[in-house]
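The block underneath contains the structure these notes are about, expressed in structure tokens.
Computed from a predicted model, the values in this text were never measured in an experiment. The figures that follow rest on heavy atoms only: side chains count, while hydrogens, waters and symmetry mates do not. Chain A is the first sequence line, chain B the second, and so forth, proteins listed ahead of strands; every chain is numbered from 1.
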Amino acid sequence: MTSLVKRTAIERVRHTVSLVPRGKIASYGQVADLAGLPGRARYVGYCLRNTPASERLPWHRIVRSDGKLAFPPQSDSAHTQQTLLHAEGIRVQNNRVSISEFGWQPDLGALLHEIPY
DNA sequence: ATGCAGGCCCGTC
DNA sequence: GGACGGGCCTGCA
């Protein structure tokens, strides 16, 4: 299953996002770094926006570096994201989550096995 | 804490 | 080519 040939950037991004475990969150920049695309946080946002729901990516586990959700507080998307996070036991208050509490801290050694970048 | 200006890099027009 | 904007980030006021 662990294909070592995830070439295109968008596939790398999607793959990396898919590795974020339930109940944890990661930032756009973090995903970009892990995907071997340092400095391209915005690109990660672009990818998620353009990823069809059929991909079943845990897009809701991706937030800004300060823990805030990337959507306007009252938007449908923000509401959906909050609901999904809540369902995983992640508390969302004032449109933000606690990085220290829920931030994903991957084992880089193990990741090297998943993401050879 | 909150806001904003740059800077970043890619995709689209 | 050039211009513009984006589910961003960092630094500084």
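- Spacing between atom CD1 of A:Ile99 and atom P of C:dC8 amounts to 14 Å, rounded to whole angstrom units.
- Distance A:Leu69 CG to C:dC8 P: 11 Å, rounded to the nearest Å.
- C:dC8 atom C1' lies 13 Å from atom CZ of A:Phe71, rounded to whole Å.
- The environment of A:Lys24 atom NZ is dense: over 12 non-hydrogen atoms of other residues, nucleotides or ligands sit within 6.0 angstrom.
- Counting heavy atoms of neighbouring residues, nucleotides and ligands inside a 6.0 Å radius, atom CG of A:Asp76 does not exceed 12 of them.
- Around the CG atom of A:Asn94, the shell of radius 6.0 Å holds no more than 12 heavy atoms that belong to other residues, nucleotides or ligands.
- The structure places OH of A:Tyr46 at 14.5 Å from CZ of A:Arg40, a figure rounded to the nearest 0.5 Å.
- In the hydrophobic cluster analysis, where Ile, Leu, Val, Met, Phe, Trp and Tyr join through side-chain heavy atoms closer than 4.5 angstrom, A:Leu85 is grouped apart from A:Phe71.
- OP1 or OP2 of C:dC8 has not a single side-chain nitrogen or oxygen of A:Ser65 nearer than 4.0 Å.
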>> Return a single string for nucleotides 1-13 of chain B, one symbol per nucleotide in 5' to 3' order, where B is base contact, S is sugar-phosphate-only contact and - is none, cutoff 4.0 angstrom on heavy atoms.
In response: S-----BBSSSS-
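- Between the P atoms of C:dG7 and B:dG6, the separation comes to 23 Å (whole Å).
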>> Pair A:Thr80, A:Trp59 - check side-chain contact (heavy atoms from CB on, under 4.5 Å), show working.
In response: CA-CA 11 Å; A:Thr80 301; A:Trp59 60 272; 4.1 Å; yes
> Tell me, what's DNA chain B's dot-bracket, Watson-Crick or G-U with both distances under 3.5 Å, | for other-strand, [ ] crossing?
Replying inline: .||||||.|||||
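- Under the side chain to side chain donor-acceptor pair (under 3.5 Å) test applied with A:His60, the options A:Glu88, A:Gln82, A:Gln81 reduce to a single match, A:Glu88.
- Between A:Phe102 and A:Gly89, the shortest heavy-atom contact is CE2-O, 3.7 Å.
- For A:Ile62 and C:dG7, the CD1 to C1' distance is 11 Å, given to the nearest whole Å.
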>> Would A:Leu108 and A:Leu34 count as a side-chain contact (heavy atoms from CB on, under 4.5 Å) here? Give the steps.
In response: CA-CA 9 Å; A:Leu108 298 181; A:Leu34 292 174; 4.1 Å; yes
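- Atom CZ of A:Arg64 is separated from atom P of C:dC9 by 8 Å (rounded to the nearest Å).
- In this structure, A:Arg49 atom CZ and C:dG5 atom P are separated by 14 Å, rounded to whole Å.
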